[in-house]
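Worksheet: one structure, shown below.
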Amino acid sequence: MLSIKNLKASIEDGTQILKGINLEVKPGEVHAIMGPNGSGKSTLSKVIAGHPAYTVNDGSVTLDGKDLLSMEICDRANSGLFISTQYPTEIPGVNNVEFLQMALNSKRAYQGLEPLADADFKKLCEEKMAMLEMDDRYRDRGVNDGFSGGEKKRNEILQMAILDPKVSFLDETDSGLDIDALRIVAHGINQIMSPEKAVILVTHYQRLLDYIKPTYVHVLRHGKIILSGGPELALKLEEQGYDWIEEN
Ligand code: ADP
Ligand code: MG
């Protein structure tokens, strides 16, 4: 479904950050990406999303066979890609729920569907907010405006729940969450997941993977995936760190 082949990308001064990433994500799969700070995990998500700070030097990224890299950012999202960033942006003055409604309706327009009626959207939103145990205070505040770190992460998963993407790339969604919030958010992600969808989780900790069982675990270091394995790899990393892995 999401196919990343030999992806290389650099920043403005020419430094190459991604040095040939290969990743095949199929429907129903959960991929965990781990790796030391500064490896290129967040860069990978931003390059897939189309962040203007990065230049793709080589390789391809396709979603259901469509070339994502040649698409406008909004079309990537409308085609079913969702990226939750490590540091969610605050947008003061833009009502959280109105933002979600507009985002959902533009996605529906892209798919040739009618906009969701206000009452139907309200119902959908209430249902998803209840699933994430978010109270009404978050409805009418600006997007992430003054939200705590954990509240922002929860709000990102609300966006995911409403937009119902095919492939979600969640960058350190567990950071800043307290123990209860972690459980609630992980439960939410599991609810959104289905055999037709896939999730890529960037995380440093096994505890998220206790709730969301990964199909594969990958180690990204120095811009490359240097090792892949099953769920047991995350346990080994938690015990032994990254230094035992040989890079080729
Ligand atoms: P990770 O998410 O794995 O911790 P990042 O992808 O954020 O790592 O960063 C990888 C490396 O690339 C780091 O050394 C970071 O400083 C550098 N980098 C990423 N984006 C930029 C940028 N826009 N400008 C300068 N350096 C960047
Ligand atoms: Mg990061």
Side-chain angles (χ1 to χ4, degrees), residues 2 4-23 25 30-61 68-69 73 76 81-90 144 147-157 159-160 167-177 181-182 185-186 189 198-209 212 214 216-229 233-234 236-238 240-248:
L2 182 75
I4 303 174
K5 293 206 170 83
N6 191 34
L7 183 63
K8 297 183 182 171
S10 55
I11 50 175
E12 207 177 41
D13 69 5
T15 310
Q16 195 156 69
I17 310 289
L18 301 184
K19 299 175 182 165
I21 304 269
N22 291 292
L23 190 65
V25 180
V30 174
H31 290 247
I33 299 183
M34 306 181 83
N37 296 125
S39 298
K41 303 179 298 295
S42 295
T43 300
L44 176 62
S45 74
K46 289 187 230 172
V47 169
I48 298 171
H51 194 294
Y54 305 92
T55 306
V56 175
N57 310 112
D58 202 0
S60 64
V61 181
L68 273 188
L69 298 179
I73 295 175
R76 299 181 198 201
L81 177 70
F82 178 81
I83 310 275
S84 161
T85 60
Q86 188 172 356
Y87 304 106
T89 307
E90 298 193 12
N144 291 325
F147 286 27
S148 73
E151 288 168 346
K152 285 179 186 169
K153 297 291 180 175
R154 210 184 284 219
N155 202 39
E156 296 271 298
I157 303 307
Q159 294 173 3
M160 176 185 171
V167 177
S168 303
F169 194 124
L170 309 179
D171 196 356
E172 296 199 25
T173 294
D174 50 346
S175 74
L177 294 180
L182 177 70
V185 162
I189 296 169
V199 176
I200 302 165
L201 297 170
V202 170
T203 183
H204 288 295
Y205 306 105
Q206 170 62 34
R207 54 180 191 189
L208 179 66
L209 306 178
I212 307 173
Y216 298 104
V217 175
H218 310 279
V219 179
L220 204 159
R221 188 170 203 178
H222 299 143
K224 276 190 147 178
I225 291 180
I226 54 168
L227 187 65
S228 297
L233 177 56
K236 184 165 181 189
L237 293 169
E238 182 123 299
Q240 302 184 14
Y242 297 108
D243 284 344
W244 58 275
I245 306 168
E246 282 183 33
E247 290 178 42
N248 298 308

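When reading the values below, keep in mind they use all heavy atoms of this one structure, side chains included, and skip hydrogens, waters and symmetry mates. In each ligand, atom 1 is the first atom listed, and ligand 1 is the first ligand listed.
The residue from Pro36, Ala9, Pro52, Gly38 that puts a heavy atom closest to atom 11 (C) of ligand 1 is Gly38. Of the listed options Gly223, Ser42, Ala53, Ser42 places a heavy atom closest to atom 7 (O) of ligand 1.
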Start with the C-alpha gap between Gln86 and Glu172, add the side-chain angles, then the distance that decides, and say whether side-chain hydrogen bond (donor to acceptor under 3.5 Å, both in side chains) holds.
CA-CA 6 Å; Gln86 188 172 356; Glu172 296 199 25; 3.3 Å; yes
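Here Thr43 fails the criterion, with no N, O or S atom under 2.8 Å of the Mg ion (ligand 2). Among the backbone and side-chain atoms of Ser42, an N, O or S atom lies under 2.8 Å from the Mg ion (ligand 2).
For ligand 1, the atoms closer than 4.0 angstrom to any heavy atom of Thr43 are 5 (P), 6 (O), 9 (O), 10 (C), 19 (C). For ligand 1, the atoms closer than 4.0 angstrom to any heavy atom of Ser39 are 1 (P), 3 (O), 8 (O). When each atom of ligand 1 is checked for a heavy atom of Asn37 under 4.0 Å away, the hits are 4 (O).
Classification of the His31-His218 ring pair by plane angle, with boundaries at 30° and 60°, yields parallel.
By the criterion of a heavy-atom distance under 4.0 Å, the side chain of Ile17, and not its backbone, is placed next to ligand 1.
Of the charged side-chain nitrogens involved, none lies within less than 4.0 Å of a carboxylate oxygen, so that Asp58 and Lys5 do not count as a salt-bridged pair.
When only modelled atom types and interatomic distance are considered, Ser10 and Gln16 share no side-chain donor-acceptor pair under 3.5 Å.
Among residues two or more places apart in sequence or in another chain, the salt bridge (Lys or Arg N to Asp or Glu O under 4.0 Å) test is passed with Lys152 by Glu90.
Considering OG of Ser39 and CG of Leu44, their distance stands at 11.5 Å, rounded to 0.5 Å.
Note: an N/O pair closer than 3.5 Å links Gly40 and ligand 1 by distance alone.
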